[in-house]
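I have placed the structure first, in the form of structure tokens, so that the comments after it can refer back to it.
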Number of protein chains: 2
Amino acid sequence: MNSPLDLAHLRRSCSQCSLQQLCLPAGISGPELDRLDEIVRRRRPIARGERLFRIGDSLEAVYVARDGAFKTVTLSEDGDEQVLGFHLPGELIGLDALGGGAHRCEAVALGDANVCEVPFSQLTDVAAQVPGLQQQLLRVIGHSLNRDHDHMGMLVRRQANERIALFLHGLGERFRQIGQSSTQFKLPMSREDVARYLGLALETVSRGFTRLQEDGVIDVHGRRVEIVDIEELTRLAHGGEDEAPRTRRARSTP
Amino acid sequence: MNSPLDLAHLRRSCSQCSLQQLCLPAGISGPELDRLDEIVRRRRPIARGERLFRIGDSLEAVYVARDGAFKTVTLSEDGDEQVLGFHLPGELIGLDALGGGAHRCEAVALGDANVCEVPFSQLTDVAAQVPGLQQQLLRVIGHSLNRDHDHMGMLVRRQANERIALFLHGLGERFRQIGQSSTQFKLPMSREDVARYLGLALETVSRGFTRLQEDGVIDVHGRRVEIVDIEELTRLAHGGEDEAPRTRRARSTP
DNA sequence: CGTCGGGTTGAGGATCATCAAGTGATGTGG
DNA sequence: CCACATCACTTGATGATCCTCAACCCGACG
């Protein structure tokens, strides 16, 4: 019963997972959770750059990162990629195939990662029998929708700095939800990824970060980010003036 | 059995609805369809400007327009609205509350409309018992997700003209899906709505339309649009050069 | 006929994309 | 251990795009 194998399995089971309350098992327990647990496949570690699925692949499973982060991208006909979303641990990946049964985007690991894979047809089977799972599945899908809407909220903001502030603020919040610091984190993605996510040029993102640092709002070194003045960041994110109000700063005035 | 009341009901039932194959009933028939039909409420006509729900309202139902169109909007703290999406007949409205149980946006009728209202808890109940409905519900949600992704695809395009071309092209496709002409239609929304949807200034949208007309790609009079050169429109939508290449054209030459 | 809302058009200037060069970390091979 | 290559990022200069402000047009409607 308690063979090493079982222990290993238990250690990785949903009931032991720190993301339990954010993931599909939220609100489910006992034998019902076991039913879900049975169909979850824990895959070998994924290497940076590896893909969970590609455009056109038929919908086999949905995925959740246990750790590590992913981006989903589409490729425009002229070859360059658009970043549709970033996926932190606990956030469902692969829902883009729900509509047509085939994936419309690719999921790429931003760093080494571990994922759980849930065969989709089995998931819906179990969901039909476990009301709590059906509810939670819909809730998780809803969260994904909300993130897309937040993303649009960034894209529609005209000023590059607003988009960037919004991005950093939102990312912090998402880190908080998975139990990490919302003010000090390492960006899982490159500047280029951020740019393609925000609809900006790479250089504009870089300049935006620099500007926020100059204004004492954040502290950046490469991918390490610390949010120093969360209030000001929030203000900027919501269309506040560009100039810091208290911290008067001379801006290359001729 | 065939009292006028029954007839009236039948005429409006899902099984009689022209949108059946695009809507929740797709792939369902017989007694199972009846079960769905029973929980659907057909509401009195909705007037232009009326709202199906407001921000903060708890999730009571999802909605589908039988005719007419809606927009969903969020209000930024400084009061101006962002258009999250347009909803043509057959497209589910209200999914934004799936995640948190409360609506994050408002659904506003763009013109007079008729909607079906499906109480959400009953919908999930029936879906748990009718596998076909569960599948279709997920598929419809997936379509909504896809539209959001298409929307992002427009927002990320840098050039205003690309966004506008993409918008018109996509709208045409959606009209086609509901059995209307994809090349000749009346925009249900104002220029301002389009602008807030595309993240552009109202004037830029107006100029974009004019430009497309000058180039012989479309024919616009107010909200009436005819797509004259669908090929060229597609080309422009995907980042083709602004100037028409073959069809050399004198621009606004008297 | 006057007004009002929605739409178009024009002029000017700020923002951001583009091109281009420079920096700094990391890794590789001699 | 040091040159050297590579990659991610930063910084600078310039010009096009599109936002802003403003006027104007037009059709609807009282």
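Chain naming here is simple, since letters A, B, ... match the order of the sequence lines and numbering starts at 1 in each.
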Does [X] have a side-chain nitrogen or oxygen under 4.0 Å from the phosphate oxygens OP1 or OP2 of [N]?
X: B/T204; N: D/dT17; value: no
X: A/Q159; N: C/dA14; value: no
X: B/T210; N: C/dT9; value: yes
X: B/R158; N: D/dT17; value: no

Whole-Å distance separating the [atom1] atom of [X] from the [atom2] atom of [N]:
X: B/H221; N: C/dT8; atom1: NE2; atom2: P; answer: 11 Å
X: A/R196; N: D/dC9; atom1: CZ; atom2: C1'; answer: 15 Å
X: B/D80; N: D/dT20; atom1: CG; atom2: P; answer: 10 Å
X: B/N161; N: D/dC18; atom1: CG; atom2: C1'; answer: 10 Å
X: B/D193; N: C/dG5; atom1: CG; atom2: C1'; answer: 13 Å
X: A/L187; N: D/dA8; atom1: CG; atom2: P; answer: 15 Å
X: A/R211; N: C/dA14; atom1: CZ; atom2: P; answer: 15 Å
X: B/M189; N: C/dG5; atom1: CE; atom2: P; answer: 22 Å

Among side-chain atoms of [X] and [Y], is any donor-acceptor pair under 3.5 angstrom?
X: B/H103; Y: B/D96; value: yes
X: B/T234; Y: B/E232; value: no
X: A/H238; Y: B/S76; value: no

Looking only at side-chain atoms of A/R223, point me to the closest of D/dA8, D/dT10, D/dT20.
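Nearest to the side-chain atoms of A/R223, counting from C-beta on, is D/dA8.
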Looking only at side-chain atoms of A/E203, point me to the closest of D/dC9, C/dT9, C/dA20.
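Of D/dC9, C/dT9, C/dA20, C/dA20 is nearest to the side chain of A/E203.
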B/Y197 and B/F167: CA distance, side-chain angles, deciding distance, ring-ring contact (aromatic ring centres under 6.0 Å, His included) verdict:
CA-CA 9 Å; B/Y197 179 77; B/F167 171 71; 5.7 Å; yes
Could you tell me whether the side chain of A/E192 has a donor or acceptor atom within less than 3.5 Å of a complementary atom in the base of D/dC7?
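Donor-acceptor pair under 3.5 Å: no.
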Would you say the side chain of B/R207 and the base of D/dT20 hold a donor-acceptor pair, judged only by whether the two atoms sit under 3.5 Å apart?
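Yes, the side chain and the base share a sub-3.5 Å donor-acceptor pair.
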What is the nucleic acid contact for B/L200, judged by heavy atoms within less than 4.0 Å: base, sugar-phosphate only, or nothing?
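Sugar-phosphate only.
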So A/G199, base contact, sugar-phosphate only, or nothing? Heavy-atom distance under 4.0 Å.
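Sugar-phosphate contact only - A/G199 comes under 4.0 Å of backbone atoms but never of a base.
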Scan B/T74, B/D148, B/T72 and name whichever one has a side-chain hydrogen bond (donor to acceptor under 3.5 Å, both in side chains) with A/H149.
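It is B/D148; the other options fail the test.
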